[in-house]
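For reference, the structure is listed below as C-alpha cells.
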2 protein chains.
Amino acid sequence: MNLENTKAQMRKGVLEFCILSLLSNKEAYASDLIQAMKESKLLVVEGTIYPLLTRLKNDGLLSYRWEESTGGPPRKYFKATPLGEKFLEELRITWDELVEAVGKATSP
Amino acid sequence: MNLENTKAQMRKGVLEFCILSLLSNKEAYASDLIQAMKESKLLVVEGTIYPLLTRLKNDGLLSYRWEESTGGPPRKYFKATPLGEKFLEELRITWDELVEAVGKATSP
DNA sequence: TTTTAGTACTATGCAATACAAAGTACCATA
DNA sequence: TATGGTACTTTGTATTGCATAGTACTAAAA
C-alpha cells in the first residue's frame with residue numbers, strides 16, 4: 001500500500017473524462033493532450049494515453065483523421081464525436097456528484 | 001463503454017480514502033460504514049467493502065476487535081491505526097490535488 | 001551513404017481494485 | 001425443527017493505468 005499506487009487508482013475513469021473534455025469541439029493529437037494534461041498537473045504517459053484514445057475511438061466517443069507532420073511520422077488528430085459530447089456531459093455530472101459525495105464522507 | 005462502469009472506475013482508490021476517513025478516531029463495522037457512505041450518496045456493497053477492509057487491515061492502516069452482537073454473529077469493529085491516520089492525511093492532499101487538476105483540465 | 005536521434009504510434013503483459021456471487025456461521029423467532 | 005436476517009469469507013471477473021518493447025517515419029550528423 002503506497003501513495004503512488006493509490007494515485008494511479010484514483011485516476012481510473014478520470015483520465016477518460018479529462019481527455020474527452022479536452023477533445024470537445026477541439027482537435028488534438030496525443031502529444032498535445034499529454035502537454036495539456038501536464039499543465040493541469042496531471043502527468044500522463046504514452047503507455048496510458050494511446051490505449052485510452054484507441055478505446056474511446058472504438059467506443060464511438062472519438063473520431064480521428066491522419067495529418068502529415070513535417071518532422072516525423074503522421075499524427076492522429078482526435079476529436080469528440082456527437083456521442084462523445086453527450087457522454088462527456090454525463091461524465092461531468094458523474095464527476096461532480098462524486099466530488100460532492102467524497103467531500104461529505106471525508107469532512108471531519 | 002457505459003456510465004455505470006465509469007462510475008465504478010472513478011471510485012477506485014477513492015473508497016479507500018472515504019473508509020479511512022470514516023474510521024479516523026472512530027470505530028465502526030461494515031454495516032455502519034455502508035450506511036454512512038449511503039448517506040453521502042456513495043452506494044457501496046458488501047463485495048466491495050469486506051475485501052477493502054481486509055486489505056487495509058493487512059497493510060496496517062486499520063485494526064479491529066471482535067464484538068458480540070445480541071442478534072446475530074459477532075462483528076468486526078475497525079478503526080484507523082496511527083499509520084492509517086498518517087496515510088489518511090496524505091490521501092486528503094492527493095484527493096484535493098486531483099480534484100483541482102481535473103477541474104483545470106475540464107473547465108470549458 | 002550510413003548512422004543516429006527524435007517523434008508518433010502499436011502491441012503485449014502486469015498489477016490493482018470494484019463488484020458479483022456463492023458459501024459459512026451465528027442468533028432469534030415462528 | 002425450520003426459517004429469516006445478520007455478519008463475514010472466499011473466489012472469480014472485468015476494467016484500466018502503466019511499463020516495456022517494437023515498428024515506422026523524418027532529419028541531421030558521421
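Scope of the values below: all heavy atoms of this structure, side chains included, with no hydrogens, waters or symmetry mates. In the text below, chain A, chain B and the rest are named by the order of the sequence lines, each starting its count at 1. These numbers come from a predicted model, not from an experiment.
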SB check B:Glu89 B:Lys86 (cutoff 4.0 Å):
no
Tell me whether the side-chain N/O atoms of B:Lys76 come closer than 4.0 Å to OP1 or OP2 in D:dT9.
yes
Is the shortest side-chain N/O distance from B:Tyr50 to OP1 or OP2 of D:dC8 below 4.0 Å?
yes
Taking for B:Gly72 and for A:Pro73 the nucleotide of DNA chain C with the nearest heavy atom, the one nearer the 5' end belongs to A:Pro73
How many whole angstroms separate atom CD of A:Glu68 from atom P of D:dA27?
11 Å
Can you check whether A:Arg11 has a side-chain N or O nearer than 4.0 Å to OP1 or OP2 of D:dC18?
yes
Is there a donor-acceptor contact under 3.5 Å from the side chain of B:Thr81 to the main chain of B:Ser63?
no
So the contacted stretch of DNA chain C, first to last nucleotide with an atom under 4.0 Å from a non-hydrogen atom of chain A, runs from C:dT7 to C:dT17
What do you reckon, is NZ of A:Lys79 surrounded by more than 12 foreign heavy atoms closer than 6.0 Å?
no
What integer distance in Å separates A:Leu61:CG from D:dT16:P?
11 Å
Pairwise 5' ranking along DNA chain D for A:Val45 and A:Glu16, keeping only the more 5' one
A:Glu16
Can you tell me the distance, in whole Å, between the CG atom of A:Asn5 and the P atom of D:dT16?
17 Å
Checking the side chain of A:Asn2 only, and the main-chain atoms of A:Glu4 only, is there a donor and an acceptor separated by less than 3.5 Å?
yes
Close aromatic pair by centroid cut-off 6.0 Å: B:Tyr64 and B:Tyr77
no
Nearest-Å distance for atom pair CD/C1', residues A:Gln9 and D:dA14
14 Å
Let me spell it out: for each of A:Tyr77 and A:Lys12, pick the nucleotide of DNA chain C with the closest heavy atom. Which residue's pick is nearer the 5' end?
A:Tyr77
Once you round it to whole Å, what is the distance between C1' of D:dT15 and CG of B:Leu3?
15 Å
Considering every strand and a 4.0 Å limit on heavy-atom distances, what is the contact class for B:Ser69: base, sugar-phosphate, or nothing?
nothing
D:dT16 P sits how many Å from B:Lys7 NZ, rounded?
15 Å
Protein-nucleotide distance (B:Leu33, atom CG; D:dA7, atom C1'), rounded to Å
13 Å
For the pair B:Arg75 and B:Glu68, find out whether any cationic side-chain nitrogen is under 4.0 Å from an anionic carboxylate oxygen.
no
NZ/NE/NH1/NH2 to OD/OE distance under 4.0 Å, A:Arg65 and A:Glu27:
yes
Atom pair distance, as rounded to whole Å: CD in B:Glu46 and P in D:dT6
10 Å
Tell me which nucleotide among D:dC18, D:dA7, D:dG17 gets nearest to the side chain of A:Arg55.
D:dG17
